[in-house]
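Numbers restart at 1 for each chain; the letters A, B, ... are given by sequence-line order, proteins then strands. Remember, predicted model here, so these are calculated numbers, not experimental data.
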There are 2 protein chains.
Amino acid sequence: MRKDGDVLKAAQLYYLQDLTMDAIARELRTSRSTVSRLLATARETGLVQIEVRSSLDMAPELEHLIKKLFGVTAHVVPVPSSVGEAEALDRVALYAARTITPHVDSNAVIGVAWGATMSAVSRHLTSKPTHNSVIVQLNGAGNTHSTGISYSSEILHRFGRAYGARVEQFPLPAFFDHVETRQAMWRERSVERMLDLQSRMSMALFGVGSVESGYPSHVYAGGYLEREDLLSLAGHQVVGDVATYFFRADGSTDGIPLNGRSTGPSHEQLKKAPRRVCVVSGAGKINGLKGALAAGLVTELILDEKTARLLVES
Amino acid sequence: MRKDGDVLKAAQLYYLQDLTMDAIARELRTSRSTVSRLLATARETGLVQIEVRSSLDMAPELEHLIKKLFGVTAHVVPVPSSVGEAEALDRVALYAARTITPHVDSNAVIGVAWGATMSAVSRHLTSKPTHNSVIVQLNGAGNTHSTGISYSSEILHRFGRAYGARVEQFPLPAFFDHVETRQAMWRERSVERMLDLQSRMSMALFGVGSVESGYPSHVYAGGYLEREDLLSLAGHQVVGDVATYFFRADGSTDGIPLNGRSTGPSHEQLKKAPRRVCVVSGAGKINGLKGALAAGLVTELILDEKTARLLVES
DNA sequence: AAGCTGAATGCACGAACGTGCAGAAAGGGT
DNA sequence: ACCCTTTCTGCACGTTCGTGCATTCAGCTT
């Protein structure tokens, strides 16, 4: 259609030749408002990519400190202290979406977890068309009330749409009721295929769950865990999870029974991804986050300023 | 200094979080105008990169045609027919600069020719800091009147500054007076070093000279060639040059005497660069351009619309 | 400390921009 | 062919932005 060509031409004239929208409108024989809208679509569809490349030497103190203390590249999102937790999450998610997109390339295999944080991120993605990329779900999302498919698949599909990528769902509950079921399923070829895909991830994206999060993670509130499961987690000093795989404050996971029934990737499995981006918003996540860092799950960390301060002040 | 941090923070808040300049000004406790200026520096210094990724399927007819006829990726710069040749060149150069920059990466070796076109391109570069890159001069620039160093080095240094790259000059005349001098020099280690660098180019950037260009290329006007040289070129049906290495309409170069005295890269040498970007503005360049295409010197072509039309209508 | 000079800041104004709204155009079904 | 629904367009308005100019600030010299 005629439209696409106009979008491209407008983008070129505006971003590569610095014409005003007025001038472009005359060029394309249309109104300035239309040009404004053309440019908006150009940005939304990823035709125009805007990237902020913060070289480390100008990054603020905080990011240096985090790099030094935990060995991860941090992106501290400046969030005015006045805004509430919900809006802060939204800001961080927007920032994360914009930061991640430039690093997505063709032939990527991107593992994506689900949860409130990833959902927020997915809602802010701007598209960047790539070829032959795959979005792969990191862990099952079903619980006793629902198969969780619509919720988690919405997240995945937004990623898929943004990058023009194939979406591979993991249609399983988050936790099996019995260890044996997991063992059995893990020998199924359909599952093996997913695990194989997961082990070829070029990037993994996830939030973190924290057992005493004030703004509770899905897992701890949404009917995934029984009362006794929660007690068991507490008994094993669990502080949080990544993709429904639990760990203690020191990052250790041994002997936590629930992991035997979880569909989430073990740390060994997850660490096969060279790039592991963790998005965190909210001071309540601090304990889970520390555990995830101790476990070495994270290579890049995107978090709000307040949580970042908490992290380095410990 | 405090400044850098503010530039980064402003860029993040503006481009990654969509705040207005007003809001950012309050955040940084400064005036909106200052924020406007901070953002301007963020763009100039390459902290913010803006890229237009024109996927082929929405590219206009012309670019497809050129791809089909000549096998090169074309970027047709829309230039309103009202503007003069000088301004058209400027537009094309601006466009070229913006198009090239996103493809420059760390560890790149970039060969750059000189001439009116490359000079214009160099003036429009926006910076993008990279590590360990090198700008290497493709051909000598001296003539009987001057060593040409200041002219060509200005071009090279603008590239070097923009990408934070080392600059390797080629302090030779464009043409030797005697074939023997060239042969002798080509055995010098200093020259061998340059040639070695050139053969490791990841990208080459050049314009084209055309013998009947209305807006004459430097080479044909600037005292580089004697009267008899011009006659000799005409006698061998030369239509143009790339980096002072001449060719005929069919791209052939055999038996053109002047090439034996030229410091420019042979086609064999030039083609070692996987990416060879040719920038052309002005209908007068059409014959030279066709020759360059016939010789297979070009992998990417950036040119104005009028010349593009001429090219496909032949 | 005073004086000088160049850079950085804020103000104010005009230019450039985004968007709700109402009307026009384009589909889609009967 | 008609009507209905949906999408697209241009206008008008309020907002946001860039920049010349006067002022202040910071760094240096004497």
Counting only side-chain nitrogens and oxygens, does [X] get under 4.0 Å of the OP1 or OP2 atom of [N]?
X	N	result
A/T30	D/dT9	no
B/T34	C/dA8	no
B/S31	C/dT9	no

Which pairs pass salt bridge (charged side-chain N to carboxylate O under 4.0 Å, His left out) with one or both residues in [range], sequence neighbours excluded?
range	answer
residues 109-124 of chain B	none
residues 31-44 of chain A	none
residues 90-102 of chain A	A/E87-A/R91, A/R98-B/D18

Sorted by chain and number, sequence neighbours left out, salt bridge (charged side-chain N to carboxylate O under 4.0 Å, His left out) with A/R309 holds for A/E305

Partners meeting salt bridge (charged side-chain N to carboxylate O under 4.0 Å, His left out) with A/E168 (sequence neighbours left out):
A/R166, A/R193

Difference in axis direction between the ends of the helix from C/dA1-D/dT30 to C/dT30-D/dA1, five pairs, 10°:
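Axis-to-axis angle, ends of the helix: 30°.
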
Suppose we screen for side-chain hydrogen bond (donor to acceptor under 3.5 Å, both in side chains). Which residues come up paired with B/R26, at least two apart in sequence or across chains?
none

Mind checking side-chain hydrogen bond (donor to acceptor under 3.5 Å, both in side chains) for B/T45 and listing every partner two or more places apart, or none if nothing turns up?
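side-chain hydrogen bond (donor to acceptor under 3.5 Å, both in side chains) list for B/T45, sorted by chain: empty.
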
Can you give me the N/O atom pairs linking the protein to nucleotides 17-19 of chain D at distances under 3.5 Å, or say none if there are none?
residue, atom, partner, partner atom, Å
D/dC17, OP1, B/Y14, OH, 3.1
D/dC17, OP2, B/M21, N, 2.9
D/dG18, OP2, B/S36, OG, 2.9
D/dG18, O6, B/R32, NH2, 2.7

Within the 4.5 Å heavy-atom criterion, are A/S119 and A/R158 side-chain neighbours or not?
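Answer yes - side chains close enough.
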
Rounded to the nearest Å, what distance is computed from the CG atom of residue A/L13 to the P atom of nucleotide C/dC17?
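Rounded to the whole Å, the gap is 13 Å.
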
Rounded distance (Å) that lies between atom C1' of D/dG10 and atom CG of A/L38
13 Å

